[in-house]
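The structure that follows is given in the form of structure tokens.
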Amino acid sequence: MPLPLLETLNPEQRAAVTLPHASALILAGAGSGKTRVLTTRMAWLIQTGQVSPLGVLAVTFTNKAAKEMLTRISAMLPINTRGMWVGTFHGLSNRLLRTHWREAGLPQSFQILDSADQLSAIKRLLKSLNVDTERYEPKKVQWFINGNKEAGRRARDADADAYDEYSMRMAELYEAYDAQCQREGVADFAELLLRSYELLYRNEPLRQHYQDRFRHILIDEFQDTNTLQYRWLKLFAGPHTALFAVGDDDQSIYAFRGANTANMAEFEREFAHGNVIKLEQNYRSHGNILTAANTLISQNAHRLGKNLWTVEGDGEPIRVFNAYSDQDEASFVVDEVRALNREDVALSDMALLYRSNAQSRVLEHALFSASVPYRVYGGLRFFERQEIKHALAYLRLLTNPEDDGAFLRVVNFPARGIGARTLEQLADGAARAGTSLWQAACTGGGKVAGFAKLIESIRQATRDLPLAEAIDHVIEASGLADYYRADKEGADRLENLNELINAAALFSEESASADAVGAAVAPEASVSAETTQPELERFLAHAALEAGEHQAGAGHDALQLMTVHAAKGLEFHAVFITGLEEGLFPHEQSAHEENGLEEERRLMYVAITRARRRLYLSHAQSRMLHGQVRYGLPSRFLDELPEQVLLPLNRRSESAASPGYRAPAPMPRSQGQSGNDTGYKVGQSVAHAKFGTGIIIDFEGRGPDARVQVKFRDAGTKWLALAYARLSPA
DNA sequence: CCTCAGCTGTTTTTT
DNA sequence: ACAGCTGAGG
């Protein structure tokens, strides 16, 4: 049957999409149309009536990928995606646990701990047990617990395998931590997965139900699955389920956090049975870039084996720049970016990549001085900001007063004169009575009881309010708003709190419209619990699980700065890979890890394959590192590339930038002055043709040609731009 | 309770 | 270099 869905696919892609009802492994190289195959497969299965939308389970690692998948499916098919099980491992686990909270042994309104919450919970635990935190560092304990959970191991398993006093103690702490979480009604990220795994493992009827339901399971980025995730998938797969796993072993860059590439080989043995399709045609990059990538990765011993090709020509050579210093490297990048931008390559179509976040500072500085708009990815995310976490802690306390973590976070913020002394007594009382801090506070007196009354009154006042209004009330009544209003540095934070209210309003709106269509589609009994769950609880789960999604700041044309890890899955016209020096990339730490160098090489492979047309590789002879000048050798990865595709750039002469360019000397600053002759004032709101609205934070120079440093704030993202004074009052 | 000086450890990161 | 945390002192 000639389906329009399949028309634009190449033969391999089409073969993958139209595979019969059996498990298969798709080895999809970088830029080979991986997501396209996955979503088209899903659409094809549904359109040809082989499965109903509710019989599909599709799993991804990031919310972004899940959203993308749903968007593409809606574009291909006129169906409601609501009710479909498409999401991240954690999102779907949460969904399962909310539906079957009783069977899973969780309180109905359990809260989710993000990494920071988890760490503070661990610190609190260690303190209460009087553990020596020099010997048992909180971070190490966290790492131990998560590592075990991600391998599917509970405290008793860890204890059974403990070979020395240290690991036995660690296992004890793991057990105590889980007990604390259970008491407080909270679950960390790994717990969501492990708990839902155990739920299905132990509860046969439930397992049967889901295995019967899901005829097709599709998994994206399969090379990134860890042991527990793979087992989780296998539990959902019944005898009549076909698994469709898409992945690229060469792009496995998360082994350091438990991803297990061996899962791919194992999957082939257990499920695919030789049903393997390779997608090797690359639609992204020109030939030279692919040649470089192929040659580099071929030097890894542990591979399933794959070679990318393209019908495009060789394209441009890969430019290699040898800089004197990190600053020299930065100014080279600035020159090239500006030259390309003049040739009409959008800034947002260029990426500046580095191995570690610390490297961005020098680059940012150079871009800032040259007034090149840029955006750094991977900073603090919206829901991880302190003011947001404070507000959320109040909300958590409303739904689950047993949550000691939330209690401690806000009991004295804003300050209410409840100090360490008082809290110690309260904790003692709670421990003796075997209750939560909240209960101890309710029965006690003094300032602590006052806090309990405050929370109680907020609970009464917000009971019948719509979500956004309730949050607004919490922010006011808790004193958070006044606190930040009084703080002269608090304007940004206040704005973020307002943004939280907006986010809540948006959340309500979206879930309302989704419910309206959802009701018509899936009157499935087991799912009904999701919609009856209070909106506040769903919003809190959303905030914990999608902390990164609320990232504003897109929309303006800006150069993209990020780590190589963050660049996975993206593509750009031009890519700069900086800091290609031994010790940095490959990172020296990797030398001490098993197969560490191969992972670094895969990382380099990912970096190279982000580029469509132009690729720059640069290294610096000297670099400021940990406050000292370090002299590094060029990365071995440069030697591993075929010479015929490389073009060594001499400094400036062959670069596209104007010869003899010098970064302008810094002009005298008139910091904090408002009475200058530009006609503007610090703190004034201005409009810029390109960047939108912003606030002036500084001036450089004087007169009409003075440079005005403006902070263009996109909902709290760190985004600065230096603009010339072609501004108008907003 | 709050502030500031001194100490420490600095890959990558999603959920 | 620098951020983030701890402990002493106001």
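Please read these numbers as outputs of a predicted model, since none were measured by experiment. By convention in this document, chain letters (A, B, ...) are assigned in the order of the sequence lines, proteins followed by strands, and residues within each chain are numbered from 1.
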Check: Can you check the A:F189 CZ to B:dT13 P distance for me, whole Å?
Finding: 16 Å

Next item on the list: Scan side-chain atoms only and decide if A:S590 and A:E599 contain a donor-acceptor pair under the 3.5 Å cut-off.
Entry: no

Margin query: From CD of A:Q386 over to C1' of C:dC5, roughly how many Å is that when rounded to an integer?
Written below: 15 Å

Notebook entry, point to check: Do A:Y230 and A:F222 have ring centres separated by under 6.0 Å?
Noted result: yes

Notebook entry, point to check: Does the pair A:D249/A:R303 count as a salt bridge with the N-to-O cut at 4.0 Å?
Noted result: no

Next item on the list: Kindly confirm whether the side-chain ring of A:H587 is stacked on the base of B:dT11, judged by centres under 5.5 Å and planes under 30°.
Entry: yes

Item checked: With A:Y254 via ring pair (Phe, Tyr, Trp, His ring centres under 6.0 Å) - residues at least two apart -> A:F256, A:H565

Notebook entry, point to check: How is A:N412 classified with respect to the nucleic acid when contacts are heavy atoms under 4.0 Å: base, sugar-phosphate, or nothing?
Noted result: sugar-phosphate

Check: Salt bridge check: are A:R630 and A:E588 linked by an N-O gap of less than 4.0 Å?
Finding: yes

Margin query: Side chain of A:H626 only, heavy atoms from C-beta on: which candidate in B:dC1, B:dT13, B:dT10 is closest?
Written below: B:dT10

Checklist line | NZ/NE/NH1/NH2 to OD/OE distance under 4.0 Å, A:E150 and A:R231 | finding: no

Checklist line | Pair A:Y136 and A:Y166, ring centroids less than 6.0 Å apart | finding: yes

Check: With respect to the side chain of A:H565, which nucleotide from B:dT12, C:dA3, B:dT15 is positioned closest?
Finding: B:dT12

Check: Just checking A:I418: base, sugar-phosphate only, or nothing, at a heavy-atom cut-off of under 4.0 Å?
Finding: sugar-phosphate

Next item on the list: To the nearest Å, give me how far apart CG (A:L597) and C1' (B:dT11) are.
Entry: 15 Å

Checklist line | B:dT14 phosphate, OP1 or OP2, under 4.0 Å from A:N63 side-chain N/O | finding: no

Check: Rounded to whole angstroms, how far apart are CZ on A:F89 and C1' on B:dT15?
Finding: 11 Å

Next item on the list: Would you say whether A:F256 stacks on B:dT12? The test is a distance between ring centres of less than 5.5 Å and an angle between planes of less than 30°.
Entry: yes

Checklist line | Same-atom distance (P) from B:dT13 to C:dG4, integer angstrom | finding: 16 Å

Notebook entry, point to check: Hey, does the side chain of A:R257 come within less than 4.0 Å of B:dT12's phosphate (OP1/OP2), counting only N and O?
Noted result: no

Notebook entry, point to check: B:dT12 and C:dC5: how far apart are their C1' atoms, nearest whole angstrom?
Noted result: 23 Å

Notebook entry, point to check: Heavy atoms under 4.0 Å, any strand shown: does A:Y254 hit a base, just sugar-phosphate, or nothing?
Noted result: sugar-phosphate

Checklist line | Of residues 112-143 of chain A, the positions that come close to DNA chain B - non-hydrogen atoms, cut-off under 4.0 Å | finding: A:S115

Item checked: Interatomic distance where CD belongs to A:E588 and C1' belongs to B:dT12 [whole Å] -> 14 Å

Notebook entry, point to check: Rounding to a whole Å, what distance do you find between A:K149:NZ and B:dT15:C1'?
Noted result: 13 Å

Next item on the list: Just call it for A:A544: base, sugar-phosphate, or nothing, with non-hydrogen atoms closer than 4.0 Å on any strand.
Entry: nothing

Check: Is there a side-chain polar atom (N or O) of A:N357 under 4.0 Å from OP1 or OP2 of B:dT13?
Finding: yes

